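First up is the structure itself, then whatever we jot down about it.
Given the structure is predicted, the values throughout are model-derived calculations rather than measurements. Below, read A as the first sequence line, B as the second, and so on, with proteins coming before strands; counting in each chain starts at 1.
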Protein chains: 2
Amino acid sequence: MSADESRWLNDEEHATWLALAGLMVQLSSALDAQLQRDAGISHFEYQVLAGLSMAPERTRRMSTLAAFADGSLSRLSHTVKRLEKQGWVYRTPDPADGRYTLAVLTDTGWDKVVATAPGHVAEVRRLVFDPLTKAQQKQLREAGHRINKAINPDTRCPGAGNC
Amino acid sequence: MSADESRWLNDEEHATWLALAGLMVQLSSALDAQLQRDAGISHFEYQVLAGLSMAPERTRRMSTLAAFADGSLSRLSHTVKRLEKQGWVYRTPDPADGRYTLAVLTDTGWDKVVATAPGHVAEVRRLVFDPLTKAQQKQLREAGHRINKAINPDTRCPGAGNC
DNA sequence: TAGCTTAACTTGAAGTTTCAACCCACCGAG
DNA sequence: CTCGGTGGGTTGAAACTTCAAGTTAAGCTA
């Protein structure tokens with residue numbers, strides 16, 4: 001990248017990178033596996049359902065939902081079509097502005113979230129929080145924020161706009 | 001999960017979880033995007049090529065390579081077929097034991113890695129190491145190890161069998 | 001009000017990953 | 001030495017994601 005053939009990673013950095021890369025792959029696939037096994041849905045589908053379950057009226061615009069679930073609008077559109085077929089969600093044009101589409105969680109969909117969430121949270125707790133001390137959790141949070149800020153300099157905060 | 005409706009995440013835990021989840025999605029997609037833009041390959045393909053480039057004789061068994069790149073054997077098989085079509089890799093049965101297949105990096109493939117790696121490492125450095133202090137890097141590494149151990153209690157170490 | 005532009009989706013095709021079935025080289029038992 | 005078992009690898013189909021249009025509602029301009 002630069003004149004001197006670009007600084008390689010030293011041993012410590014390399015170990016850190018392996019730990020982080022391993023974490024990203026393993027953790028997300030472990031959580032995916034738990035959801036698939038216990039609820040028959042993917043992590044992305046879970047995020048969509050959970051996103052709706054937390055919204056007022058259990059309703060959100062597709063574009064907002066896509067941002068919340070960290071996916072493209074196209075991906076969300078295909079996914080919601082599948083969820084619709086399951087009877088968990090339905091779509092309707094926004095009465096206030098016909099360009100938007102509102103996704104709404106049905107009662108059946110709500111039941112699905114209620115049945116699924118506790119097991120998923122338990123798995124997150126088992127894999128992420130149980131093995132860490134309070135101090136380590138704080139450090140991890142801080143490091144995560146810094147990296148996220150490096151990726152998204154503008155946005156005030158990570159994925160879902162909290163802080 | 002348990003009697004009392006399964007412990008939910010408190011505010012601090014929730015913030016930590018959002019930071020970590022955001023990190024996993026954003027970082028991997030940012031690195032994917034860099035590779036796609038600058039080299040026209042996916043992160044998985046890069047890992048395969050890089051894995052071969054670091055191996056003795058630029059050669060590895062498919063199963064070893066799959067473990068190194070954190071992917072299924074089937075996924076690797078399809079991927080290597082594509083890389084073969086590009087002329088970057090070829091496959092040959094292991095002369096020592098015909099059940100194994102050896103994947104070998106060609107000279108063209110080597111050139112591809114050499115052309116691609118510095119830019120990729122620079123991006124990792126920019127997004128992960130530059131924003132963290134030395135101490136934070138160490139803490140992140142430690143937390144990553146612990147989480148990885150929770151996911152893989154048996155394996156002595158994360159993804160690629162180093163340590 | 002007609003025409004242009006923009007932005008939010010949707011859609012179908014192409015590309016990738018997963019899943020389940022299959023093939024085959026080696027090994028060990030009889 | 002042959003027969004079954006085991007494990008590495010491949011393959012094709014189904015499922016999913018991405019990509020490049022296409023559609024439509026709203027706003028703006030004349």
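A salt bridge does not link Lys81(A) with Glu84(A): every distance from a Lys NZ or Arg NE/NH1/NH2 to an Asp or Glu carboxylate oxygen is 4.0 Å or more. Using a 4.0 Å cut-off between charged side-chain N and carboxylate O, Asp107(B) and Arg58(B) make a salt bridge. Ion pair Glu142(A)/Lys138(A) not flagged as a salt bridge, since none of the NZ, NE, NH1 or NH2 atoms sits closer than 4.0 Å to an Asp/Glu carboxylate oxygen. Look at Asp94(B) and Arg61(B) and you find a salt bridge, because one of the NZ, NE, NH1 or NH2 atoms lies within 4.0 Å of a carboxylate O, short of that distance. Here Arg125(B) pairs with Glu13(A) in a salt bridge; the nearest charged N to carboxylate O distance falls below 4.0 Å.
The residue among Thr79(A) and Ser63(B) whose nearest nucleotide of DNA chain D is located toward the 5' end is Ser63(B).
The side chain of Arg91(B) has dT10(D) as its nearest neighbour among dT10(D), dA20(D), dG9(D).
The distance from atom CG of Leu35(B) to atom C1' of dT18(D) is 17 Å, rounded to the nearest whole Å. For Leu65(B) and dG8(D), the CG to P distance is 15 Å, given to the nearest whole Å. Atom-to-atom, CE of Met62(A) to C1' of dA25(D) comes out at 16 Å; the value is rounded to the nearest Å. The CZ-P distance, from Phe44(A) to dT18(D), rounds to 9 Å in whole Å. One can place NZ of Lys85(A) at 12 Å from C1' of dC16(D), the figure rounded to the nearest angstrom. Residue Lys81(B) contributes atom NZ, which lies 12 Å from atom C1' of dG9(D) at whole-angstrom precision. Between the OH atom of Tyr46(A) and the C1' atom of dC16(D) there is a distance of 21 Å, given to the nearest Å. Look at CZ on Arg82(A): it is 10 Å from P on dA15(D), rounded to the nearest Å.
Contact record, Ala30(B) with Ile151(A): CB-CG2, 4.2 Å, taken as the closest heavy-atom pair. Summarising the geometry of Met62(A) relative to Ser77(A), their closest heavy-atom pair is CE-CA, 3.8 Å, with the distance given to 0.1 Å. Here the closest heavy-atom approach between residue Gly144(A) and residue Leu23(B) is recorded as CA-CD1, 3.7 Å.
Contacts between residues 92-101 of chain B and DNA chain C, defined by a heavy-atom separation under 4.0 Å, are made by Asp97(B), Gly98(B), Arg99(B).
Residue contacts shown for Ser74(A) include a base, since a base heavy atom lies under 4.0 Å away.
In terms of polar N and O atoms assigned as donor or acceptor, the side chain of His78(B) comes within less than 3.5 Å of the base of dG12(D) in a complementary pairing.
For the pair Arg60(A) (side chain) and Gly51(A) (backbone), a donor-acceptor distance under 3.5 Å is present.
Scanning DNA chain C 5' to 3' for nucleotides with an atom closer than 4.0 angstrom to a non-hydrogen atom of chain B gives a first and last hit of dT16(C) to dC26(C).
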